[in-house]
Amino acid sequence: MSDAIKHECGLAFIRLRKPFSYYLQKYGTVLYGLNKLYLLMEKQHNRGQDGAGVASVKLNIEPGHPFLHRIRSANHQPIADIFSKIMGEVKDLEQYQPDITQHPGLMKGHISHLGELLLGHLRYGTQGKNLVEFCHPFIKRNTIPARNLALAGNFNLVNTDELFDLIGIDPGDFQKQSDLAAMMEVIHHFLVRADEASPGSLDVAGLLKKAVPLFDGGFTVGGLIGNGDSFVFRDAHGIRPAYYYISDDVVVAASERAAIRTVFNVGENEVMELMPGKGLIVKAGGEVTVETILEPKERRACSFERIYFSRGSDEKIYRERIALGYNLSEQILNAINHDLKNSIFSFIPNTAEVAFYGLWKGMDDYLERVKVQRILSWGKDFSEEKLREMLSRKIRVEKVAIKDVKMRTFITEDTSRNEMVQHVYDITYGTVRKDTDTLVVIDDSIVRGTTLKESIIRMLARLSPKKIIVVSSAPQIRYPDCYGIDMSKLGDFIAFRAAVELMKDRGKEACLQELYDRCKELARTGQLHTENVVQGVYKPFTSEEIADKIAQLITPPEISTPVQVIFQTIESLHRACPTNTGDWYFTGNYPTPGGNKVVNKAFMNYMEGKNVRGY
Ligand SMILES: NC(=O)CC[C@H](N)C(=O)O
C-alpha cells in the first residue's frame with residue numbers, strides 16, 4: 001500500500017455467560033474475558049490508529065455501586081495503554097493481597113473493568129477530531145440502570161444534523177461534530193421510552209427497531225445497557241462487516257472473522273456473519289437472539305474490506321486477494337507483449353503481497369500453457385537440453401521495493417523535504433537489467449498517487465528499467481466514501497484530477513461549470529440526493545484514457561522511463577470478491593440516499609475551493 005487509505009474502525013464485543021469463578025476454574029484466570037478482549041482488539045489493530053476504548057458493565061451489582069466503566073486512549077499505542085492501566089489495577093491489589101486473583105468476588109468488586117459485558121473499539125475518525133474525546137465507546141449515565149448506555153461502532157452517518165432535529169435536541173459544539181454523539185442521543189431517547197413503557201423488562205429489539213431506521217449510513221454498532229442487556233446491529237445493506245461466535249461460555253462479535261477465529265481458536269463455520277439488518281441481542285440473563293432490526297436491502301458489503309482493510313489472514317479474504325491478482329494477468333500480459341523473459345514482477349509492501357502471489361500464479365499458468373504448446377509443437381524434434389531449457393523457464397519475481405522510513409515532521413524546509421520524501425521507499429539494487437527489463441509492480445490501490453510520484457516511481461526509475469508498469473488490485477477510486485472510510489474529498493483523488501486534466505486537454509472545462517450549476521440547482525430544490533452529478537465528470541472518457549492520464553500525473557517531470565498504470569476492472573473485482581459488491585467509490589452507485597448528496601456536495605466543495613468533507 002503506497003497511499004494510506006484511512007483505515008476503518010474495529011469493534012470487539014464479548015459477553016461472558018458464566019460467573020467469574022467458572023473462568024477461574026476452567027481457564028485458570030478470572031481475567032479470561034479481559035484477556036480475550038485484549039487479543040480481539042490487538043488482532044484488529046489494523047483497523048484504527050487514532051485511538052481505542054473499552055467499556056464494561058458488571059451484572060448483579062448492589063445498588064449504589066458503580067457498574068459501568070469506560071477507559072479511552074489516543075496514545076501512540078492506545079490498546080497497550082488501556083490494558084496496562086486495566087491490569088495495573090490488578091498489580092496494585094496484589095501488593096496488598098497477593099492471592100487476590102484467586103478470589104473472583106473480590107476481583108469483581110475491586111477491578112473496575114472486570115465486567116461480564118465488554119465492548120472494545122479501535123478508532124479511525126471519519127468525523128470530528130482525532131482526539132481522545134471522540135474515541136468510542138461513548139457513554140451516557142443515569143440513576144436508573146436500564147438507562148445507562150455505552151456505544152461504539154464502525155460506521156459513518158451522513159444525516160447527523162437531521163438526527164438531532166428528529167429527536168428535538170439542540171446539539172452543542174462537540175456533539176455537532178460527532179455521528180456517534182447523534183447516534184447515542186437517538187438510541188438513548190428510545191431506550192428511555194422503552195424503559196418507561198416496561199420498567200424491568202426492556203424490549204431491546206423493539207427500541208432498536210425504532211432508532212436504527214433513522215440512521216443513513218453504513219454501520220456495525222455495539223452497545224451495553226446498564227441493566228445487563230447488550231446488542232450489536234448492522235446496516236440493511238451490510239456495508240460494514242460484522243461477525244459473531246456463540247458458545248456456552250461466551251458471545252463474541254467483531255469486525256473481522258479471522259480475529260474471532262484466532263482468539264477463540266474456532267473453525268471458519270463456527271463464526272457466523274451477522275447478516276445485513278440483523279441485531280445480535282444478549283439479555284442480562286445470557287439468552288441470545290438474532291433479530292431483524294431493519295428489513296435487509298440489496299447486499300452492498302464494502303469491497304475495500306476484501307481488497308485491503310481486513311486482514312489477509314482470513315481464509316476467504318486470502319483467496320479473494322489471490323484472485324484479484326490473478327484476474328489482472330491478462331491485462332498485464334498484453335501490456336508486456338507476453339514477453340516474460342524481459343519482465344520482472346514485484347509488489348509495493350506490504351498489503352499488496354497476497355494479490356502479488358495471485359498475479360504470480362496467473363503468470364505461471366500462462367507460462368505453463370506456453371511451455372506445453374511449444375513442446376507439443378516440436379513433435380519428436382527435441383533434445384534433453386532443449387527440453388530442460390524450456391522447463392526451466394520461470395516467472396521472474398524479485399523483492400524490488402522496500403518500505404523504509406516514516407517521514408518525520410522535523411524536516412520542514414521544502415527542498416530537503418522533497419529529497420527526504422523519496423526515501424519513504426527504497427529499492428533492491430541489481431535486480432533489473434538496465435533498459436531491458438520491464439518492471440511490473442502491484443499495489444492494492446491508488447488514491448492520491450502522491451507516494452507513487454514522490455517516492456516509488458523515482459526510486460524504481462533509479463534501477464533504469466525499460467518501462468515501469470504499476471498495477472492496482474483495486475479499480476480507479478473516483479468517488480468519496482461516506483460509510484466509514486476517511487476518503488471524502490474529490491480533489492484528493494488522482495482519478496478525479498486525471499478526468500479534470502483530460503477535460504482541460506480537450507477544451508471541455510465548461511463541462512465542470514455545467515455540472516456545478518446542476519448541483520446548485522439540485523441543492524436549491526432539495527434534490528441533491530436524487531442523482532450523482534459527478535458521474536458526468538468521468539463520462540466523456542474511457543477507463544484507459546483516465547489510467548493513461550494517471551500514469552502521466554504520477555510520473556515526476558525529470559523521469560524519462562515510460563510509466564503505465566493498469567487497474568482492476570469492476571467486473572473482475574466482483575468476480576474475485578463475490579460477497580462484497582459494495583463499489584460506490586469506484587462506480588458512484590451509492591446504496592443509501594445520503595450517498596448522492598455527499599458526492600455532489602464534495603464536488604461543490606471542490607469547485608468552491610473548500611477543503612472540507614462532503615458530509
Ligand atoms: N471509521 C469509523 O468507523 C469511524 C466511526 C465514527 N464515524 C467516528 O468518526 O468516530
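Counting starts at 1 for both ligands and their atoms, in listed order.
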Inset, instruction - Please confirm whether Y479 and F493 have ring centers closer than 6.0 angstrom. - result: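 Not under 6.0 Å, so no.
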Legend entry - Close approach of L180 to ligand 1, heavy atoms, under 4.0 angstrom: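 The answer is no: ligand 1 sits nowhere under 4.0 Å from a heavy atom of L180.
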Legend entry - ligand 1 contacted by R240 (non-hydrogen, < 4.0 Å):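 For ligand 1, residue contact (heavy atoms, under 4.0 Å) with R240 is absent.
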Inset, instruction - Kindly indicate whether a cation-pi arrangement holds for K36 with F264, taking the cut-offs as under 6.0 Å to the six-membered ring centre and within 45° of the axis. - result: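 Because its charged atom sits under 6.0 Å from the ring centre and within 45° of the axis, K36 does stack over F264.
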Inset, instruction - Among all protein heavy atoms, pick the one closest to atom 4 (C) of ligand 1 and tell me residue, atom and distance. - result: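 So the nearest neighbour among protein heavy atoms is C9 SG, 3.1 Å.
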Inset, instruction - Tell me which protein heavy atom sits closest to atom 9 (O) of ligand 1, plus the residue, atom name and distance to 0.1 Å. - result: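 Scanning the protein heavy atoms, the shortest distance from atom 9 (O) of ligand 1 goes to T126 N, 2.9 Å.
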Legend entry - F155 N/O to ligand 1 N/O under 3.5 Å: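 Between F155 and ligand 1 (N or O atoms, distance only) the closest approach is under 3.5 Å.
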Inset, instruction - Flag G125 as yes when one of its N or O atoms lies below 3.5 Å from any N or O atom of ligand 1, and as no otherwise. - result: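 Min N/O separation from ligand 1 is not below 3.5 Å for G125.
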Inset, instruction - Quick one: sort the F304 and F309 rings into parallel, tilted or perpendicular, breaks at 30° and 60°. - result: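 Ring orientation of F304 relative to F309: tilted.
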Legend entry - Parallel, tilted or perpendicular: rings of Y606 and F603 (30°, 60°):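 Answer is parallel, since the angle falls under 30°.
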Inset, instruction - Look at atom NZ of K140 and say whether more than 12 heavy atoms of other residues, nucleotides or ligands are closer to it than 6.0 Å. - result: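 Yes, the 6.0 Å shell around NZ holds more than 12 heavy atoms from other groups.
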Inset, instruction - Report, in ascending order of atom number, the atoms of ligand 1 lying under 4.0 Å from any heavy atom of Y124. - result: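 Answer, ordered by atom number: 1 (N), 2 (C), 4 (C).
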Legend entry - Atoms of ligand 1 close to Q127 [distance to a heavy atom under 4.0 angstrom, numbered from 1]: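 Counting from 1, the qualifying ligand atoms are 9 (O).
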Inset, instruction - Apply the side-chain hydrogen bond (donor to acceptor under 3.5 Å, both in side chains) test between S112 and each candidate in R70, H69, E89, K85; give the one that qualifies. - result: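 Exactly one pass, corresponding to E89.
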Inset, instruction - Rounded to the nearest 0.5 Å, what's the gap from OH on Y243 to OG1 on T220? Could you check? - result: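 The OG1 atom of T220 is 9.5 Å from OH of Y243, to the nearest 0.5 Å.
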Inset, instruction - Would you tell me which option among D50, D179, T160, I485 has the nearest heavy-atom contact to atom 7 (N) of ligand 1? - result: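 The option holding the nearest heavy atom is D179.
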